[in-house]
Amino acid sequence: MKIYNPISGQKEEFVPGGDEVKMYVCGVTPYDSCHIGHAMSYVIFDVVHRYLEFRGYKVRHVQNFTDIDDKIIARANALGIPAEELSERFIEEYFEDMDALNIKRADIYPRATEEVPDIIGMVQGLIEKGHAYEVSGDVYFRVCSTDSYGKLSHRDLDEMSAGARVEVDQAKECPLDFALWKAAKHGEPSWESPWGGGRPGWHIECSVMSLKYLGDTLDIHGGGQDLIFPHHENEIAQSEAFTGSVPFVKYWMHNGLLQLGQDKMSKSLGNLITVRELLQRFSADAFRLFVLSSYYRSPLTYSDEGLEAMERGVERLRRAARVSGQWSGVRDQGAEGLPTANRPPTADYRQRFVEAMDDDFNTAQAVAILFDLAREINRAREEGATITEAQGTLRELAGVLGLLIAEEDRRFAAEPFVELLVNVRADLRAAKQWHLADMIRARLGHLGVTLEDTPIGTVWQYKLR
RNA sequence: GGCGACGUGGCCAAGUGGUUAAGGCGGGGGUCUGCAAAACCCCUAUUCGGCGGUUCGAAUCCGCCCGUCGCCUCCA
């Protein structure tokens, strides 16, 4: 397997540090609903997680919640509720949304507010080592005390200082120094510390949590490209300064950002679509396919047309993967008695899929291979060959990408009644009662059941949505 | 202003030195069919933003130009 390393700018062979792949993905600040930009990122890392397991790795996946920061405080104050009530509400919503998108849970979801003692410990350690200093209750990281600051974002300290747009805080030794600990302002939630009441800065929690739950060196650290600077750059600086273990992260993975029309979708611009809004209009599979149809590092522009196209594509895969039991036609000659020759060469597709995914998670290629396999299955089905094995492969590989078509085997209480109507309609058709037959098909269609007449009988299924 | 990414058919999007430039959506034609739907087959880029250069050979490497976008401030 190869993974692109943004520090070297090259794809590099993936060699995890131990038996278990240690994976850390930056989580959300729960002060508002998740939008589809978040969804894109978590779909991508979900596939990374699933694929690593498919390749036989054990994965330990940690993802944080930044449940204390300026925006949470501001929003909670505006609503007149405690900060923790607000964050709790949106953490719950986060899980609902991600479940709806079929995103596997991480192993651990630490929260900043529950890691404060460790955060204080790390800040203290950094001060002792000369990498941080306190100024009237605030603690800053001393960027100049490191020699490799900027290696991830390819920035030069001098250039940044020269062109800095940031207002220089006189308290800081150096404009780029960043807060590890913030003194509490009036009425803010705060924790006791050696520097007085305060709360953690933004970057420190990720370092603390990853060190605590995964160790000094992470195999994979993921997040959106907007986190490269300053967030991840600062994480590297403080983590490596604290542990002395370099590198802090072996493979950084940054997904491209989702655009909406002209601009990046973001909370501050207000041009966003929430996960809930999306799922009212499109299936989770359609969104997933949309995301996976391009390279994770490329930016992607959302469009309704794009999602509609994916919805049709999903349907195509789903039909090919549909098990023969769901071909419940009355005159079903089914899988029984079909010749076993000319089975689709399943192993080829699996191998091509693995080659594609091994190449820095080339999901676009992998998706193309799924469509190739679907065509092969349909062709073989028409020729009367046995397709169960090929369908099994299709469902398995689709499952590696987290597509729900893999789990299409629902049994509903309505099934016998649908069967009955399908049977009645078959007799009507035999009697050339087209009018009644069409009416049944149309009425079932309105109820969410589609009927298709094929040479081997009538096939029915529930519509996806 | 600094750093970085990208520009491939009607749309989306792989490919990054060498046989016919993946795949999806859309469009056209055909097969099947009571109709419909699905499926299958064929067609839909002599060409990869433009101009030069390197090479036996470039969409793929280099230079310049044009265009789009992101980051540099909270952000997946």
Side-chain angles (χ1 to χ4, degrees), chain A residues 6 9 25-29 31-32 34-45 63 66 69-71 74 150 153-156 158-167 176 202 222-231 233 254-259 262-269 272 289-290 292-295 297-301 303 305-317 319-320 322 352 356 359 362-372 374-375 377-383 429 432-435 437-438 441-442 445 450-455 458-459 461:
Chain A
V25 178
C26 280
V28 295
T29 301
Y31 74 100
D32 206 345
C34 284
H35 63 248
I36 57 180
H38 298 120
M40 172 187 178
S41 187
Y42 297 120
V43 162
I44 286 166
F45 291 107
Q63 183 173 318
T66 304
D69 94 329
D70 294 344
K71 291 186 298 283
S153 52
H154 302 287
R155 279 155 217 259
D156 183 86
D158 300 330
E159 280 174 7
M160 277 190 288
S161 314
R165 292 173 7 194
V166 201
E167 208 175 301
L176 287 161
W202 175 35
Q225 277 174 354
D226 50 355
L227 297 180
I228 293 173
F229 189 89
H231 185 54
E233 198 69 71
H254 293 107
N255 61 276
L257 301 179
L258 191 64
Q259 318 271 132
Q262 292 300 304
D263 301 297
K264 177 184 79 161
M265 179 178 313
S266 81
K267 290 178 182 175
S268 42
L269 290 174
L272 44 79
L289 203 61
F290 182 70
L292 299 181
S293 287
S294 78
Y295 185 35
R297 294 201 299 121
S298 304
L300 190 57
T301 302
S303 74
E305 299 73 38
L307 267 289
E308 281 158 14
M310 292 303 153
E311 204 73 82
R312 291 181 210 114
V314 165
E315 184 61 21
R316 185 171 160 75
L317 291 176
R319 285 171 182 278
R322 187 166 51 195
R352 286 170 58 205
D359 183 18
N362 190 335
T363 55
Q365 274 286 358
V367 165
I369 290 158
L370 254 43
F371 278 104
D372 284 344
R375 166 167 287 120
I377 288 168
N378 290 330
R379 201 183 286 144
R381 173 149 50 199
E382 293 207 340
E383 287 168 4
R429 290 180 68 224
K432 298 197 189 301
Q433 300 269 349
W434 309 125
H435 230 78
D438 288 351
R441 181 172 61 193
T450 56
L451 263 53
E452 289 167 29
D453 300 319
T454 77
T458 297
V459 175
Q461 65 178 323

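First the proteins, then the strands, lettered A, B, ... as listed; each starts at 1. As the structure is a prediction and not an experimental result, all values here were calculated from the model.
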Mind checking E382(A) for me? I need base, sugar-phosphate or nothing, with any heavy atom below 4.0 Å counting as a touch.
base
Is R316(A) near enough to A39(B) that one of its side-chain N or O atoms lies under 4.0 angstrom from OP1 or OP2?
yes
Among G2(B), C35(B), A14(B), find the nucleotide with the atom closest to the side chain of D438(A).
C35(B)
Between atom CG in L307(A) and atom C1' in G24(B), what is the gap in whole Å?
13 Å
Value in whole Å for how far the C1' atom of C72(B) lies from CG of L227(A):
14 Å
Is there a side chain to side chain contact (heavy atoms under 4.5 Å, CB included) between Y42(A) and Q63(A)? Walk through the geometry before answering.
CA-CA 10 Å; Y42(A) 297 120; Q63(A) 183 173 318; 3.4 Å; yes
What is the distance, to the nearest angstrom, from the CG atom on L292(A) to the C1' atom on G23(B)?
14 Å
When the distance from CG of N255(A) to C1' of C69(B) is rounded to whole Å, what number comes out?
16 Å
Partner set under side-chain contact (heavy atoms from CB on, under 4.5 Å) for S298(A), not counting sequence neighbours:
Y295(A)
Starting at atom NE2 of H38(A), determine the distance to atom C1' of C74(B), rounded to an integer number of angstrom.
11 Å
Taking the C1' atom of each, how far is G7(B) from U44(B), in whole Å?
23 Å
Euclidean distance, atom CD1 of residue I228(A) to atom C1' of C72(B) [Å, nearest integer]
12 Å
Can you figure out which of A22(B), C25(B), A38(B) approaches the side chain of Q365(A) most closely?
A22(B)
How many angstroms lie between atom CG of N255(A) and atom CZ of F45(A), to the nearest 0.5 angstrom?
5.0 Å
Between the side chain of H231(A) and the main-chain N/O of D226(A), is any donor-acceptor distance below 3.5 Å?
no
Please list, for nucleotides 9-13 of chain B, all pairs of protein and nucleotide N/O atoms separated by less than 3.5 Å.
unit_1: A13(B); atom_1: O2'; unit_2: S293(A); atom_2: O; d: 3.2

Spacing of D359(A) atom CG relative to A22(B) atom P, expressed in whole Å
18 Å
Exercise: identify the closest heavy-atom pair between R352(A) and I369(A):
O-CD1, 3.3 Å
C1' spacing across the pair A36(B) / U19(B), given as an integer number of angstrom
43 Å
Between E383(A) and R379(A) (salt bridge meaning N to carboxylate O under 4.0 Å), is one present in this structure?
no
Indicate, with a heavy-atom threshold strictly under 4.0 Å, whether N362(A) touches base, sugar-phosphate, or nothing.
sugar-phosphate
Please state whether the base of G26(B) and the side chain of R312(A) form at least one donor-acceptor pair under 3.5 Å?
no
Choosing from A76(B), C71(B), C35(B), which nucleotide comes nearest the side chain of S41(A)?
A76(B)
For Watson-Crick and G-U wobble pairs within 3.5 Å on both distances, what is RNA chain B written in dot-bracket notation, | included for inter-strand pairing?
((((((((.[[[..)..(....]]]((((((.......))))))....[[[[[..)....]]]]])))))))....
Could you tell me how far C12(B) sits from C72(B) if I compare only their P atoms? Round to whole Å.
27 Å
Compare the minimum distances between each of C71(B), C69(B), G34(B) and the side chain of D226(A), then state the nucleotide with the smallest one.
C71(B)
Per nearest nucleotide of RNA chain B, the residue lying toward the 5' end, D69(A) or A368(A), is A368(A)
Taking every heavy atom of G223(A) against every heavy atom of S41(A), the minimum-distance pair comes out as C-OG, 4.4 Å
Sub-4.5 Å side-chain heavy-atom contact between R441(A) and T458(A):
no
If you look at every strand shown and take non-hydrogen atoms under 4.0 Å, does G223(A) touch a base, only sugar-phosphate, or nothing?
sugar-phosphate
How long is the gap from NE2 on H38(A) to OG1 on T29(A), to the nearest 0.5 Å?
7.5 Å
Looking at R429(A), does any N or O in its side chain come under 4.0 Å of the phosphate oxygens OP1/OP2 on G34(B)?
no
Minimal non-hydrogen separation, L227(A) against C26(A), with atom names
CD1-CB, 3.6 Å
Between the base of A36(B) and the side chain of R441(A), is there a donor and acceptor pair under 3.5 angstrom?
yes
A21(B) to A37(B) separation - C1' atoms, rounded to the nearest Å:
33 Å
Distance, P atom - from U16(B) to U31(B), rounded to whole angstrom:
40 Å
Nearest-Å distance once atom P is located in both C48(B) and G10(B):
13 Å
Could you please spell out the steps behind the side-chain hydrogen bond (donor to acceptor under 3.5 Å, both in side chains) verdict for R375(A) and N378(A)?
CA-CA 5 Å; R375(A) 166 167 287 120; N378(A) 290 330; over 6 Å; no
Look at the side chain of E233(A) and the backbone N and O of S153(A), then say whether any donor-acceptor pair between them is shorter than 3.5 Å.
yes
Would you indicate what G27(A) reaches in the nucleic acid, counting non-hydrogen atoms under 4.0 angstrom: base, sugar-phosphate, or nothing?
sugar-phosphate
Per E452(A) side chain, nearest of listed nucleotides A37(B), G23(B), A14(B):
A37(B)
Distance between P atoms of A58(B) and G70(B) (Å, rounded):
35 Å
By centroid distance (under 5.5 Å) and plane angle (under 30°), are W434(A) and G34(B) in a stacked arrangement?
yes
G27(B) and C71(B): how far apart are their P atoms, nearest whole angstrom?
36 Å
Over how many whole Å does the gap from R375(A) atom CZ to A38(B) atom C1' extend?
14 Å
Between D372(A) and F45(A), the residue closer to the 5' end of RNA chain B by nearest nucleotide is D372(A)
Which listed nucleotide (A76(B), A39(B), G34(B)) is nearest to the side chain of Y42(A)?
A76(B)
